[in-house]
Amino acid sequence: MKRTHHCNELRPAHIGQTVTLSGWVHSRRDLGGLIFIDIRDREGRTQTVFDPSDLTPEQFTQAASLRSECVVSLTGKVRHRPDGTNNSKIPTGEIEVGITAFEVLNMAEVLPFQIDDPEAAAKVAEDTRLQYRYLDLRRPEMARNLKVRSKVAIATRSFMDEQGFLEVETPTLFKSTPEGAREFLVPNRREAGTFYALPQSPQQFKQILMVAGVEKYFQLARCYRDEDLRADRQPEFTQVDIEMSFIDREDIYALIEGLLKRVWKTALNMDIPTPFKRISFEEALNRFGIDKPDTRFAMELVDMTEDFRASTFKVFSGTIANGGVVKALNAKGLAGATQGQLETMTEYAKSFGAKGLAFIKVENGEWKSPIVKFFSEAEKAALTTKLAIQEGDLILFAADQWLNACEILGKIRLYCADVLKTQGKLVIDPKQFNFLWVIEFPLLGFDREQNRWYSSHHPFTAPVADDIQFLKTDPKRVRGQHYDIVVNGVELGGGSIRIHQPNVQKTIFEELLAIPPEETRLRFGYMLDAFKYGAPPHGGIALGFDRLIAILCGTQSIRDVIAFPKTAKGTCLMTDSPSQVSPKQLRDLYIEVKAKPVTPPAPAPAK
RNA sequence: GGGGGUGUAGCUCAAUUGGUUAGAGCGCUGCCCUGUCACGGCAGAGGUUACGGGUUCGAGCCCCGCCACUCCCGCCA
């Protein structure tokens with residue numbers, strides 16, 4: 001009995017037809033003399049009815065033994081439901097199938113957790129869901145996520161194809177290039193002590209492809225980073241990797257805007273307006289305290305430096321005298337913040353090296369604050385005006401070096417927004433998507449501990465042409481041709497126009513990043529070689545595909561949009577990896593394990 | 001590497017100040033039920049309170065250790 005329809009297909013128009021549905025028993029309502037079974041497949045579900053007058057007694061008994069998630073093939077006639085028994089919650093709710101024959105393809109044991117009730121299933125502990133991922137993925141919510149992911153991948157490929165891009169696969173057994181993220185290493189059996197590394201990104205290959213004349217490359221590339229995980233970070237992940245020749249930044253902006261337009265249309269049937277707004281790194285920090293601002297709500301940072309330059313409050317004026325700034329933030333309506341919430345904010349501030357967090361609670365027409373007694377009338381007036389202070393507000397201050405002060409308040413701003421959201425005082429439309437290009441990042445940052453410059457993006461990023469002159473004299477001033485695409489406070493991706501002249505690249509490596517020439521040769525020699533033979537000017541971008549899908553699916557965790565994700569410690573609960581290997585495997589790889597194997601914990605109950 | 005949170009029945013949770021035999025809903029098992037869709041009714045089974053120590057007359061609860069999961073900082077060119 002092959003299926004004739006899927007479980008979300010039958011409508012009143014099919015009434016009278018004999019059909020066969022295949023799928024899983026979603027739920028069963030056994031009324032004794034009549035059994036209802038909702039059969040579910042990937043597409044949806046349909047109510048079927050087992051009536052003793054249509055079946056042999058043996059068949060009816062067998063039907064009564066079916067439980068959740070048994071696999072069945074059901075044949076019967078589509079009919080109207082009796083008056084008053086339509087189910088408006090499901091698309092097939094106007095009809096039902098009166099079963100005349102069926103086949104049990106497989107029985108199912110009692111489930112470790114229920115998957116038929118969306119609310120209950122959503123509350124199940126994530127480790128249980130991960131251990132039984134094949135059950136978790138049957139839930140319609142998870143199936144939908146996989147579907148969105150597939151649709152978006154295909155839309156991306158067809159869009160990129162239309163734009164003249166070639167999809168090229170690059171190796172996942174690559175060379176260790178220990179700049180940036182820690183790499184996963186793969187030992188080489190053929191030569192003791194040598195290793196491949198899994199790529200953190202196809203960065204170098206895609207630039208070489210430009211030298212190879214591919215001109216327009218893209219790939220849905222798997223990338224690997226051996227760093228600690230977060231809700232939005234997995235050790236292996238997928239990025240939409242793009243590189244083009246003979247272009248400038250505007251070409252990338254236009255391309256990505258077109259791609260995202262297509263993606264939002266495909267996934268959500270939404271028309272997103274383009275072009276996207278642009279904001280400089282400096283402005284983003286000044287206004288939002290972060291380089292990936294969430295602009296769906298205001299609560300912007302305000303600079304109070306000039307108002308407090310001559311203040312008698314030494315904490316502020318002293319910081320300013322040392323070249324620092326005073327920034328303030330009005331958390332509207334948060335005057336009622338609890339002690340705990342204020343402490344959390346203070347901890348944030350302290351984790352950035354601040355001594356504390358100054359605040360003013362505006363309650364009952366009064367400014368409650370340990371510091372306000374030090375403020376002059378003029379200073380108070382400036383605060384009132386610039387911060388639009390009203391009853392019920394909470395004002396927070398950071399006095400520090402510019403970047404620090406901004407970042408502290410940036411964190412606090414997000415924290416306050418979360419608190420206001422849970423209090424219902426801040427409501428954000430889930431259908432709102434604020435796209436933003438963040439541009440004009442500094443090319444280099446300075447590492448005080450190691451006393452050297454580092455690339456704020458990566459060492460292949462081209463400086464803004466006007467700033468090349470400052471490379472050797474005033475590196476801090478050099479802006480990079482780097483851009484990030486941000487939506488709703490999430491960094492969706494980033495890229496840059498690359499350096500294509502070997503001499504500029506050499507200057508960056510050797511003079512600024514202070515990598516010794518022989519090491520540069522060892523690590524990037526092949527790339528510098530390639531650039532000698534006619535490298536076109538080029539640039540590109542990479543979008544975090546998992547994050548993109550998470551945003552489209554409205555989930556916080558990328559684990560919800562990855563079929564088989566790892567836990568926060570990088571393990572797979574379903575397959576129990578990583579695992580120990582046999583001594584022979586280790587011998588073949590010339591590897592000796594020094595650390596004592598951990599005494600295996602009680603193994604998870606095998607089911 | 002650091003900080004926070006969680007761990008009690010298959011699942012989700014409760015258990016007063018440390019005090020009787022650790023409870024509930026769902027699920028599961030049995031019986032009844034021909035219009036349910038969170039079906040309903042009756043009865044029942046199901047627990048090494050993650051694990052190992054300790055304090056105490058007495059520990060799910062307090063202390064120490066440890067494991068797992070999770071969130072954040074560091075890290076993620």
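Every chain is numbered from 1 and lettered A, B, ... according to where its sequence line falls, protein lines coming before strand lines.
- For A:Arg233 against B:rC76, a side-chain-to-base donor-acceptor contact under 3.5 Å is present.
- With sequence neighbours excluded, the residues forming a salt bridge (charged side-chain N to carboxylate O under 4.0 Å, His left out) with A:Arg139 are A:Asp136, A:Glu141, listed by chain and number.
- The 5' end of RNA chain B is approached more closely, in terms of each residue's nearest nucleotide, by A:Lys569 than by the other of A:Arg182 and A:Lys569.
- Only the P atoms considered, B:rA9 is 15 Å distant from B:rG46, to the nearest whole Å.
- Among residues two or more places apart in sequence or in another chain, the ring-ring contact (aromatic ring centres under 6.0 Å, His included) test is passed with A:Tyr224 by none.
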Output a table of nitrogen or oxygen pairs between the protein and nucleotides 1-7 of chain B separated by less than 3.5 Å.
unit_1	atom_1	unit_2	atom_2	d
B:rG1	O6	A:Asp228	OD2	3.3

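- Comparing the same atom, P, in B:rC63 and in B:rU16 gives a spacing of 16 Å after rounding to whole Å.
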Below 3.5 Å between N/O atoms, which protein atoms pair up with nucleotides 11-15 of chain B? Just atom names and distances, please.
unit_1	atom_1	unit_2	atom_2	d
B:rC11	O4'	A:Pro112	O	3.4
B:rU12	OP1	A:Ala125	N	2.6

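- Only the C1' atoms considered, B:rU48 is 13 Å distant from B:rA22, to the nearest whole Å.
- Within the structure, every pair that satisfies the salt bridge (Lys or Arg N to Asp or Glu O under 4.0 Å) test and touches residues 56-70 of chain A, not counting sequence neighbours, is listed here: A:Arg40-A:Glu69, A:Glu69-A:Arg138.
- A:Asp41 contributes a side-chain N or O that, together with a main-chain N or O of A:Cys7, makes up a donor-acceptor pair within less than 3.5 Å.
- The ring-ring contact (aromatic ring centres under 6.0 Å, His included) search around A:Tyr217 returns none, not counting sequence neighbours.
- Residue pairs meeting the side-chain hydrogen bond (donor to acceptor under 3.5 Å, both in side chains) criterion with at least one member in residues 76-89 of chain A, sequence neighbours excluded: A:Arg79-A:Glu96.
- For B:rC69, one of the phosphate oxygens OP1 or OP2 lies less than 4.0 angstrom from a side-chain nitrogen or oxygen of A:Thr571.
- Minimum heavy-atom separation, A:Ala221 to A:Pro202: CB-CG, 3.6 Å.
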Atom pairs under 3.5 Å, N or O on each side, protein against nucleotides 29-32 of chain B: can you list them with distances?
unit_1	atom_1	unit_2	atom_2	d
B:rU29	OP1	A:Arg67	NH1	3.1

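- Atom name P, nucleotides B:rC71 and B:rA24: the rounded distance is 33 Å, in whole Å.
- If you check B:rC69 for Watson-Crick or wobble pairing at under 3.5 angstrom, you find it paired to B:rG5.
- Taking A:Trp24 as the reference, nothing meets the ring-ring contact (aromatic ring centres under 6.0 Å, His included) condition, with sequence neighbours excluded.
- Taking atom CG of residue A:Asp127 and atom P of nucleotide B:rA50, one finds them 14 Å apart after rounding to whole Å.
- Computed from coordinates, the A:Ile99 CD1 to B:rG35 C1' distance equals 16 Å when rounded to whole Å.
- Residue pairs satisfying the salt bridge (Lys or Arg N to Asp or Glu O under 4.0 Å) criterion with at least one member in residues 499-521 of chain A, sequence neighbours excluded, are listed as follows: A:Lys472-A:Glu511, A:Lys506-A:Glu510, A:Glu519-A:Arg523, A:Arg521-A:Asp529.
- Each of A:Ala568 and A:Leu111 was assigned the nucleotide of RNA chain B with the nearest heavy atom; the assignment lying further toward the 5' end belongs to A:Leu111.
- Taking atom P in both B:rC57 and B:rC28, one finds a spacing of 47 Å when rounded to whole Å.
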Pairs of donor and acceptor atoms involving the side chains of residues 475-485 of chain A, under 3.5 Å and at least two apart or interchain, shall be tabulated with distances.
unit_1	atom_1	unit_2	atom_2	d
A:Arg479	NE	A:Asp467	OD2	2.9
A:Arg479	NH2	A:Asp467	OD1	3.4
A:Gln481	OE1	A:Arg249	NE	3.4
A:Gln481	NE2	A:Pro463	O	3.2
A:His482	ND1	A:Gly495	O	2.6
A:His482	NE2	A:Asp484	OD1	3.1
A:Tyr483	OH	A:Ser496	N	3.4
A:Tyr483	OH	A:Ser496	O	3.2
A:Tyr483	OH	A:Gly540	O	2.8

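- Rounded to a whole Å, the CG atom of A:Asn86 is 12 Å from the P atom of B:rU36.
- Separating the P atom of B:rU12 from that of B:rU70 is a span of 14 Å, rounded to the nearest Å.
- Evaluation of the side-chain contact (heavy atoms from CB on, under 4.5 Å) rule for A:Pro235 yields A:Phe184, A:Leu229, A:Lys566 as partners, not counting sequence neighbours.
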